[in-house]
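What follows is a short report on a single structure.
One-based numbering, in listed order, for ligands and for the atoms of each. We're numbering straight along the sequence, starting at 1.
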Amino acid sequence: MASAPRTAAIIPAYNEASTVGDVIQAARAARLVDEVIVVDNGSTDGTAEAARAAGARVLVCEEQGKGQAMRTGVAGTDAEVICFLDADLLRLTRAHVDRLVAPVLAGEAGMTLGLFDRGPELNPIFLKALPRLTGQRAMRRELFESLDLEDIRGYRVEAALNSRADDLDLPIDAFVCEGLWHRTKEEKDEDGPIAGTARKVAMLATAVWSYAAYQVIRPFRRSDTTVAEADRDSRVA
Ligand SMILES: Nc1nc2c(ncn2[C@@H]2O[C@H](COP(=O)(O)OP(=O)(O)OP(=O)(O)O)[C@@H](O)[C@H]2O)c(=O)[nH]1
Ligand SMILES: [Mg+2]
């Protein structure tokens, strides 16, 4: 019998020292996770040190951006299944992480999506009616690697993953992670809540643009380079 593919939790983190340790702890406690990788972009608040202290392997991404950090994480492991987790999560449990990974390992889902718990009124709306742009998602590495380099920049990456999974008709397993929440941009922005809200609006605009770019512009691009093509030589053995 072939041995089960190995699973890596990859956590992009930029100035998340106050929460990254708990996220790592939940990921390390998960039964189905074999290694935990944090990808930092030169955080100035001790995120890398906190991540190392909590037992993660820390990689440094040279280029700023969430998607770029995810790419660095994937290139830095040979795991077949990847579980992405944000570093600003509150109340993440090992059960949430295993629930994300299990259907992908079993081949029952091409991608899983773990949504925040917004309560009984909002959960069905975020689960069924809106684009599911969560950072908590598991997939086989090939799905991430099949994305175009242009499509993974910053916050475009999540919409791009959703679009790609749709293109490939992959079965998606989306669910609410009971109790899960995060430190929002409004809370963590040093320049105050208004700047935080502005950054949030910019991020959502990026996601909308990403969907449009994927659907409209992509077919006309002349030279697409996928993540797999770009990172073939840098893959760890
Ligand atoms: N390494 C790295 N991580 C990043 C970068 N940008 C965002 N992240 C991480 O990606 C995760 C999600 O980013 P957030 O900015 O919280 O995005 P979000 O949760 O979708 O947005 P909010 O609702 O405003 O919190 C967090 O763990 C961030 O620290 C970056 O440039 N580099
Ligand atoms: Mg967040």
Side-chain angles (χ1 to χ4, degrees), residues 8-27 36-52 54 56-77 82-92 96-97 100 113-118 122 126 130-138 144 149 152-162 174 176-177 179-211:
I10 295 179
I11 306 170
Y14 184 65
N15 287 342
E16 309 284 11
S18 68
T19 47
V20 72
D22 285 351
V23 175
I24 293 165
Q25 220 168 41
V36 179
I37 298 170
V38 167
V39 188
D40 184 26
N41 267 112
S43 295
T44 52
D45 69 343
T47 292
E49 294 76 5
R52 266 184 223 107
R57 181 152 69 91
V58 177
L59 300 178
V60 175
C61 178
E62 302 299 333
E63 207 184 334
Q64 197 75 38
K66 182 182 187 188
Q68 290 89 326
M70 289 160 69
R71 172 186 167 196
T72 298
V74 173
T77 178
I82 306 291
C83 180
F84 293 110
L85 300 169
D86 284 352
D88 59 352
L89 300 178
L90 304 172
R91 298 184 294 279
L92 178 73
H96 293 146
V97 181
L100 281 162
L113 303 171
L115 274 66
F116 293 134
D117 188 350
R118 297 177 165 91
L122 289 177
F126 277 82
L130 293 172
R132 295 172 298 206
L133 294 167
T134 178
Q136 286 54 254
R137 50 178 78 217
F144 184 85
L149 281 185
I152 65 161
R153 294 191 169 278
Y155 291 109
R156 291 171 65 165
V157 60
E158 276 149 18
L161 277 168
N162 289 356
V176 171
C177 294
L180 187 67
W181 193 238
H182 65 151
R183 259 180 88 221
T184 60
K185 278 197 179 48
E186 293 86 332
E187 284 159 346
K188 62 192 171 192
D189 207 292
E190 286 167 358
D191 305 327
I194 293 175
T197 304
R199 267 171 220 167
K200 174 95 163 219
V201 169
M203 181 187 75
L204 292 173
T206 304
V208 171
W209 166 247
S210 175
Y211 274 112

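When only non-hydrogen protein atoms are considered, atom 4 (C) of ligand 1 lies nearest to Tyr14 CB, 3.7 Å. When only non-hydrogen protein atoms are considered, atom 16 (O) of ligand 1 lies nearest to Asp88 OD2, 2.7 Å. Of all protein heavy atoms, the one lying nearest to atom 9 (C) of ligand 1 is Pro12 O, 3.4 Å. Ranking the protein heavy atoms by distance from atom 24 (O) of ligand 1 puts Lys185 CG, 2.6 Å first. For atom 2 (C) of ligand 1, the nearest protein heavy atom (residue, atom name, distance) is Asn41 OD1, 3.0 Å.
Against a heavy-atom cut-off of under 4.0 Å, Tyr155 is close to the following atoms of ligand 1: 6 (N), 7 (C), 13 (O), 14 (P), 15 (O), 17 (O). Interface of Ala69 with ligand 1, defined as ligand atoms under 4.0 Å from a residue heavy atom, comprises 1 (N), 2 (C). If you number the atoms of ligand 1 from 1 as listed, the ones under 4.0 Å from a heavy atom of Glu16 come out as 26 (C), 27 (O), 28 (C), 29 (O). Every atom of ligand 1 with a heavy atom of Gln64 under 4.0 Å away is listed here by number and element: 30 (C), 31 (O). Against a heavy-atom cut-off of under 4.0 Å, Val39 is close to the following atoms of ligand 1: 1 (N). Using a 4.0 Å cut-off to heavy atoms of Ala87, the atoms of ligand 1 that qualify are 26 (C), 27 (O). In the vicinity of Ala13, heavy-atom distances shorter than 4.0 Å reach the ligand 1 atoms 1 (N), 2 (C), 3 (N), 29 (O).
Checking side-chain atoms of Thr72 against main-chain N and O of Cys61 turns up no donor-acceptor pair under 3.5 Å. No donor-acceptor pair closer than 3.5 Å links the side chain of Arg57 to the backbone N or O of Arg52. With hydrogens and angles disregarded, a donor-acceptor distance shorter than 3.5 Å links the side chain of Thr134 to the backbone of Gly114. With hydrogens and angles ignored, the 3.5 Å screen pairs a side-chain donor or acceptor of Asn15 with a backbone N or O of Thr44.
Interatomic distance, CG of Asp88 versus OG1 of Thr47, reported as 10.5 Å (0.5 Å rounding). A distance of 6.0 Å separates CG in Asn162 from CG in Leu133, rounded to the nearest 0.5 Å. The line from CD of Glu49 to OG of Ser43 is 9.0 Å long, rounded to the nearest 0.5 Å. From Asp45, atom CG reaches atom CD of Glu16 across 7.5 Å, with rounding to the nearest 0.5 Å.
Partners of Arg153 according to the salt bridge (Lys or Arg N to Asp or Glu O under 4.0 Å) rule, which considers only residues two or more places apart in sequence or in another chain, are Glu63, Glu150.
Within the 4.0 Å heavy-atom shell around ligand 1 one finds Gly65.
Considering each of His182, Arg183, Lys66, the one bringing a non-hydrogen atom nearest atom 10 (O) of ligand 1 is Lys66.
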Take Asp86 and Lys66 through the salt bridge (Lys or Arg N to Asp or Glu O under 4.0 Å) test and state the conclusion after the steps. CA-CA 10 Å; Asp86 284 352; Lys66 182 182 187 188; 2.9 Å; yes
Would you please test Phe144 and Val157 for side chain to side chain contact (heavy atoms under 4.5 Å, CB included) and show each step? CA-CA 9 Å; Phe144 184 85; Val157 60; 3.9 Å; yes
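Of all protein atoms, those of element N, O or S that lie under 2.8 Å from the Mg ion (ligand 2) number 2.
Both the backbone and the side chain of Asp86 come within 4.0 Å of ligand 1, counting heavy atoms alone.
For Leu113 against Arg132, the heavy-atom pair with the smallest separation is CD1-NE, 3.8 Å.
Under a cutoff of 6.0 Å and an axis angle of 45°, Arg137 and Phe84 do not form a cation-pi pair.
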